[in-house]
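Atoms within a ligand are numbered from 1 in the order they appear, just like the ligands themselves. As the structure is a prediction and not an experimental result, all values here were calculated from the model.
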Amino acid sequence: MRVGELLARGRTHSFEFFPPKSDEAQTQLISTLEELSPLNPSFFSVTYGALGSTRHRTRDVVVGLARNGSVPPVAHLTCVGQTRAEIDELMGEYKAAGVENILALGGDLPTDGTSFDRAEFRFALDLVEYLRMNFDVCIGVAAHPEVHPRSVSRESDRLHLADKLRRSDFAMTQFFFDVEHYRRLVDELAALGVDKPVIPGVMPISNKGQIVKMAQMSGAAIPTWLTNRLAELDSAEDVRRFGVELATQLSSDLLAAGAPGLHFYTLNRSQSPREICRNLGLV
Ligand code: FAD
């Protein structure tokens with residue numbers, strides 16, 4: 001089932017996972033998938049390490065989900081540092097397994113200053129165009145409500161996003177904590193003549209240090225009121241419960257703002273996403 005068709009039928013709710021690195025992490029992921037399946041998810045998405053670092057592990061999870069057949073997978077695919085031959089090989093395996101959805105991403109550049117000369121793709125748009133020309137799949141792209149950290153300006157961020165979204169089927173966003181970021185993004189795209197579905201990404205906070213690190217990496221702001229509230233919470237369980245409360249409120253505000261679906265970042269754990277879905281009546 002293609003995400004474009006699911007969105008055309010009505011609101012979606014979906015979950016993101018990363019591919020496991022160890023047997024223990026594999027067992028954890030399997031339990032999480034089993035615990036989330038009864039929520040009748042629209043799709044599951046599986047991340048792909050920058051520069052292809054999780055290539056085979058991502059493929060194994062995506063192909064496993066496709067073969068299982070109960071929840072359609074969306075395979076994340078980053079293109080920076082990948083060759084056309086590598087993309088073709090992976091897409092061949094996905095086609096054979098019946099995978100119909102790709103999240104086409106630029107991917108992050110090496111952080112150690114290494115430059116690489118395998119520059120067959122530079123931006124996500126290059127991958128979107130390549131997939132469109134060569135494969136019959138539903139294509140999603142990434143959107144950054146608070147602007148991508150490498151964008152030279154808000155205007156250029158929106159112009160490049162509008163350009164890639166025009167050629168694809170839907171967008172999924174980076175996480176954020178204020179519904180106004182989503183409203184503004186959708187309005188700015190509409191002003192550029194783009195009204196493709198933009199599914200907001202919702203991150204339930206489960207750990208204080210981790211959320212600060214992830215926000216820094218992704219360009220999401222942690223508002224002062226949120227920093228202050230987190231400082232008042234002592235135990236890990238208090239933080240997790242607060243994360244569920246906050247994500248429930250944000251999700252409800254997003255649905256009221258007209259979001260076509262909700263995509264939950266799970267970090268391969270099911271407890272918070274299950275509680276949020278139950279609070280929202282999505283069970
Ligand atoms: P692009 O669309 O290529 O944009 C990157 C930057 O280049 C932006 O600043 C953009 O404005 C600019 N730009 C675009 N086109 C041009 C142009 N023609 N000229 C000049 N500038 C241009 N990362 C992973 O490694 N693996 C994942 O699985 C993964 N999943 C993600 C899922 C979601 C929903 C989101 C929101 C992000 C995800 N990321 C993932 C992170 C993403 O790969 C990084 O943010 C990456 O730095 C940019 O990806 P992009 O697809 O937005 O890139």
Side-chain angles (χ1 to χ4, degrees), residues 3 12 14-21 43-59 61-62 73-82 87 90 94 99 101-111 116 119-131 139-176 181-182 185 188-189 192 194 196-203 213-220 254 259-268:
V3 173
T12 59
S14 51
F15 302 96
E16 179 188 287
F17 309 98
F18 56 84
K21 266 193 193 147
F43 59 89
F44 285 149
S45 87
V46 186
T47 64
Y48 188 83
L51 309 173
S53 56
T54 67
R55 181 181 173 77
H56 295 116
R57 286 188 280 125
T58 298
R59 177 206 58 200
V61 178
V62 169
V74 172
H76 293 211
L77 181 53
T78 65
C79 64
V80 169
Q82 302 281 280
I87 300 281
L90 193 54
Y94 284 159
V99 177
N101 302 290
I102 302 291
L103 188 69
L105 299 152
D108 289 320
L109 309 170
T111 48
F116 42 78
E120 294 197 20
F121 301 93
R122 192 155 171 225
F123 298 110
L125 177 61
D126 303 329
L127 179 60
V128 169
E129 289 181 331
Y130 187 72
L131 294 176
I139 304 174
V141 291
H144 297 80
E146 296 175 78
V147 175
H148 189 276
R150 288 205 305 277
S151 292
V152 290
S153 66
R154 187 171 189 99
E155 192 191 9
S156 92
D157 183 280
R158 295 314 190 229
L159 287 172
H160 291 308
L161 172 60
D163 228 13
K164 70 179 176 181
L165 195 43
R166 271 188 207 102
R167 292 162 168 82
S168 47
D169 299 296
F170 67 98
M172 293 210 284
T173 79
Q174 191 49 271
F175 70 86
F176 54 91
H181 292 306
Y182 178 77
L185 167 70
E188 286 167 341
L189 286 169
L192 293 168
V194 179
K196 296 268 174 75
V198 178
I199 306 174
V202 176
M203 173 74 79
K213 204 169 145 203
M214 288 193 313
Q216 275 165 356
M217 278 163 52
S218 70
L254 285 162
L262 296 168
H263 190 60
F264 296 100
Y265 292 101
T266 69
L267 303 179
N268 292 10

Which of the numbered atoms in ligand 1 are below 4.0 angstrom from a heavy atom of Gly107? 43 (O), 46 (C), 47 (O), 48 (C), 49 (O)

Are any of the side-chain heavy atoms of Glu120 and Tyr130 separated by less than 4.5 Å? no

Please could you name the atoms of ligand 1 that Thr78 approaches to less than 4.0 Å, counting only its heavy atoms? 24 (C), 25 (O), 26 (N)

Contact between Asp108 and ligand 1, counting heavy atoms under 4.0 Å? yes

Check contact between His263 and ligand 1, using heavy atoms of the residue and a distance below 4.0 angstrom. no

I want to check something: taking the side chain as every heavy atom from C-beta on, are Asn101 and Phe43 in contact at a cut-off of under 4.5 Å? no

Can you confirm whether something in the protein, heavy atoms only, sits under 4.0 Å from atom 7 (O) of ligand 1? yes

Closest protein heavy atom (residue, atom, distance) for atom 14 (C) of ligand 1: Phe123 CD2, 3.5 Å

Heavy-atom nearest neighbour of atom 21 (N) of ligand 1 within options Arg122, Lys164, His160: His160

Report, in ascending order of atom number, the atoms of ligand 1 lying under 4.0 Å from any heavy atom of Thr47. 28 (O)

Could you tell me which atoms of ligand 1, counted from 1 in the order shown, lie closer than 4.0 angstrom to a heavy atom of Ala50? 25 (O)

Going by heavy atoms in the side chains, are Arg167 and Ile139 under 4.5 Å from each other? no

What residue and heavy atom of the protein are closest to atom 30 (N) of ligand 1, and at what distance? His76 ND1, 3.0 Å

Of Tyr48, Phe44, Phe264, Tyr265, which meets ring-ring contact (aromatic ring centres under 6.0 Å, His included) against Phe17? Phe44

Can you tell if the side chain of His148 reaches within under 4.5 Å of the side chain of Gln174, non-hydrogen atoms only? no

Among protein heavy atoms, which sits nearest to atom 35 (C) of ligand 1, and what does the distance come to when rounded to 0.1 Å? Ala142 CB, 3.6 Å

Work out whether the distance between some heavy atom of Tyr265 and some atom of ligand 1 is less than 4.0 Å. yes

What is the nearest protein non-hydrogen atom to atom 26 (N) of ligand 1, stated with its residue, atom name and distance? Tyr48 O, 2.6 Å

Quick note on ligand 1: atoms under 4.0 Å from a heavy atom of Thr173 include exactly 34 (C), 36 (C)

Search all heavy atoms of His263 against all heavy atoms of Ser45 and return the closest pair with its distance. NE2-OG, 3.1 Å

Report the residue from Leu185, Val194, Val198 that forms a side-chain contact (heavy atoms from CB on, under 4.5 Å) with Leu161. Leu185

Check: Val61 and Pro20 side chains under 4.5 Å, non-hydrogen atoms: yes

Suppose I only count heavy atoms of Leu103 and a 4.0 Å limit; which atoms of ligand 1 are within that range? 32 (C)

List the closest protein heavy-atom neighbour of atom 29 (C) of ligand 1: residue, atom name, distance to the nearest 0.1 Å. Leu105 CD1, 3.4 Å

Minimum-distance pair of heavy atoms, taken over all atoms of Arg158 and His144: NH1-O, 3.0 Å

Is Gly201 near ligand 1, meaning one of its heavy atoms is under 4.0 Å from it? no

Is there a side-chain contact between Tyr94 and Leu77 in this structure, where contact means two heavy atoms from C-beta onward sitting under 4.5 Å apart? no

For atom 5 (C) of ligand 1, the protein heavy atom that lies nearest, with its residue and separation: Arg150 NH2, 3.6 Å

Protein heavy atom at shortest distance from atom 9 (O) of ligand 1: Ser151 OG, 2.7 Å

